[in-house]
Protein chains: 2
Amino acid sequence: MDFFDNWTVQVRKGLLELCVLNLLLEGEQYGYDIIRKVLEVPGFGITEGTLYPLLSRLKMQGLVQTRLVESSSGPARKYYALTAKGRKTSATMNEHLQEILTGLNTLHGKDKR
Amino acid sequence: MDFFDNWTVQVRKGLLELCVLNLLLEGEQYGYDIIRKVLEVPGFGITEGTLYPLLSRLKMQGLVQTRLVESSSGPARKYYALTAKGRKTSATMNEHLQEILTGLNTLHGKDKR
DNA sequence: CGATGTACCTTGCTTTACAAGGTACTAAGT
DNA sequence: ACTTAGTACCTTGTAAAGCAAGGTACATCG
């Protein structure tokens, strides 16, 4: 694994969490479906070994709540929905990210572009 | 440490690396000075325990090169400068980050803002 | 009854940020 | 001379996250 590939892994840390929260802003979703949707987002990508622990963390922190729904075409689905705290936290995270990116731009944007 | 504080730590991973590379686009710098400059960037912040291993990785990967310069007001300074590979890699990283952020916006920007 | 698709979860590995500590040089107090 | 503070580098140990790989279980189709 070369430097750039490894970097893309590292840069996901944190951003994936926000990615999932933002996806849940659209409405409740179940895990397997979240994976498919995130895979479609250019630059992202996620596997089960990443998503399920991530969702557990979000639930443990009270940012999401779950409900089980029977499915006629397979095993039961666990739907995740944002709590009020989750919506508030995701807003704060988006703001903080914006601040960081602005800071990043002040560095390499001094005289270029 | 609460969820948000921990998230800010996680989101630095990868971004800090790019932050330092972008700072070096301005010209060669030595470690102690990089710390002071990054501390001034809103949203960022870095300590010695983070920067020195980070710089070692960049050098090991051939993205930067170093030279020692004696100082009359303290210990010798180790100046870091980007190599050609380093400039190329930082450009690729900036592009990839832009792609990721665009993807992130397509998620929570569907009907909001 | 095997294979495929759906859907969940866990284990082990690697990488990183950070706090804390360590070394060493210079200069200014006391 | 001794101590403190500022500069400047580096290392160690801990916690957290992504990911490959594997495991379980239900449904459907051949």
Side-chain angles (χ1 to χ4, degrees), chain A residues 1-21 28-39 43-61 64 66-80 93 100, chain B residues 1-21 28-39 43-61 64 66-80 93 100:
Chain A
M1 190 185 263
D2 72 352
F3 176 82
F4 180 74
D5 285 338
N6 180 54
W7 177 74
T8 62
V9 172
Q10 298 305 324
V11 93
R12 286 178 212 279
K13 305 198 178 180
L15 289 186
L16 263 180
E17 215 140 31
L18 185 54
C19 183
V20 169
L21 285 174
E28 67 172 6
Q29 322 255 343
Y30 62 97
Y32 200 76
D33 206 36
I34 292 177
I35 291 174
R36 279 192 297 234
K37 287 184 182 167
V38 174
L39 279 179
F44 277 95
I46 197 172
T47 65
E48 303 187 338
T50 300
L51 182 68
Y52 289 117
L54 191 162
L55 288 171
S56 295
R57 292 198 305 270
L58 294 181
K59 186 177 184 184
M60 209 165 48
Q61 296 289 337
V64 298
T66 60
R67 76 188 172 98
L68 270 176
V69 178
E70 301 283 334
S71 167
S72 59
S73 66
R77 298 166 174 172
K78 193 184 268 185
Y79 279 86
Y80 290 81
M93 286 160 76
I100 280 189
Chain B
M1 188 187 264
D2 72 353
F3 176 82
F4 181 74
D5 285 339
N6 180 55
W7 177 73
T8 61
V9 171
Q10 297 306 324
V11 93
R12 283 179 213 280
K13 305 198 175 178
L15 289 185
L16 262 182
E17 216 139 30
L18 185 55
C19 183
V20 169
L21 286 174
E28 67 171 6
Q29 323 255 343
Y30 63 98
Y32 200 75
D33 206 34
I34 293 177
I35 292 174
R36 279 193 296 237
K37 288 184 183 167
V38 174
L39 278 178
F44 278 95
I46 198 171
T47 65
E48 302 187 339
T50 300
L51 182 68
Y52 289 117
L54 191 162
L55 288 172
S56 295
R57 292 197 304 271
L58 294 182
K59 186 177 183 184
M60 210 164 47
Q61 296 289 338
V64 300
T66 61
R67 76 189 173 97
L68 270 176
V69 177
E70 301 284 333
S71 165
S72 60
S73 67
R77 299 167 174 170
K78 194 183 269 187
Y79 279 85
Y80 290 81
M93 286 161 75
I100 281 188

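Numbers restart at 1 for each chain; the letters A, B, ... are given by sequence-line order, proteins then strands.
Look at CD on Q29(A): it is 12 Å from P on dC8(C), rounded to the nearest Å. Atom CD1 of I46(B) is separated from atom P of dA20(C) by 17 Å (rounded to the nearest Å). The OH-P distance, from Y32(A) to dA25(D), rounds to 18 Å in whole Å. A straight line from CD1 of I35(B) to P of dA8(D) spans 10 Å, rounded to a whole angstrom. Atom pair K37(A):NZ and dA7(C):C1' shows a separation of 15 Å (rounding to whole Å applied). Rounding to whole angstrom units, CD of residue E17(A) and P of dG18(D) are separated by 6 Å. The interatomic distance linking L15(A) (CG) with dC19(D) (P) rounds to 12 Å, in whole Å. Protein atom CG of D2(A) is 13 Å distant from nucleotide atom P of dT15(C), rounded to whole Å.
The side chain of S71(A) has dA7(C) as its nearest neighbour among dA17(C), dA7(C), dA19(C). The side chain of Y80(A) sits closest to dC9(C) out of dC9(C), dA17(C), dA17(D).
In terms of phosphate contacts, R77(A) brings a side-chain nitrogen or oxygen within less than 4.0 Å of OP1 or OP2 of dA7(C). Dashed line: the shortest gap from a side-chain N or O of R36(A) to OP1 or OP2 of dA7(C) is under 4.0 Å.
Listed by residue number, the members of residues 48-58 of chain B with any heavy atom below 4.0 angstrom from DNA chain D are E48(B), G49(B), Y52(B), P53(B).
Checking P75(B) against K78(A), the closest nucleotide of DNA chain C that is more toward the 5' end is the one next to K78(A). Comparing K13(B) and Y79(A) by the nucleotide of DNA chain C that holds the closest heavy atom to each, the one mapping nearer the 5' end is Y79(A).
Listed by chain and residue number, M1(B) satisfy the side-chain contact (heavy atoms from CB on, under 4.5 Å) test with V9(B) (two or more places apart in sequence, or in another chain). Not counting sequence neighbours, Y52(A) has no partner by the ring pair (Phe, Tyr, Trp, His ring centres under 6.0 Å) test.
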How far apart are the C-alpha atoms of L39(B) and R36(B), what are their side-chain angles, what is the distance that settles it, and do they pass the side-chain contact (heavy atoms from CB on, under 4.5 Å) test?
CA-CA 5 Å; L39(B) 278 178; R36(B) 279 193 296 237; 5.6 Å; no
Evaluate the side-chain contact (heavy atoms from CB on, under 4.5 Å) criterion for residues Q61(B) and W7(A): first the C-alpha distance (whole Å), next the side-chain angles of each, then the deciding distance (0.1 Å), finally the verdict.
CA-CA 12 Å; Q61(B) 296 289 338; W7(A) 177 74; over 6 Å; no
Pair L55(B)-V20(B), side-chain contact (heavy atoms from CB on, under 4.5 Å): steps then yes or no:
CA-CA 9 Å; L55(B) 288 172; V20(B) 169; 4.1 Å; yes
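Contact check for R12(B) versus L15(B): no side-chain heavy atoms found under the 4.5 Å cut-off.
Residue N6(B) is in sugar-phosphate contact alone, with no base atom involved, counting any heavy-atom pair closer than 4.0 Å across all strands shown.
Between G31(B) and L51(B), the shortest heavy-atom contact is O-CD2, 3.3 Å.
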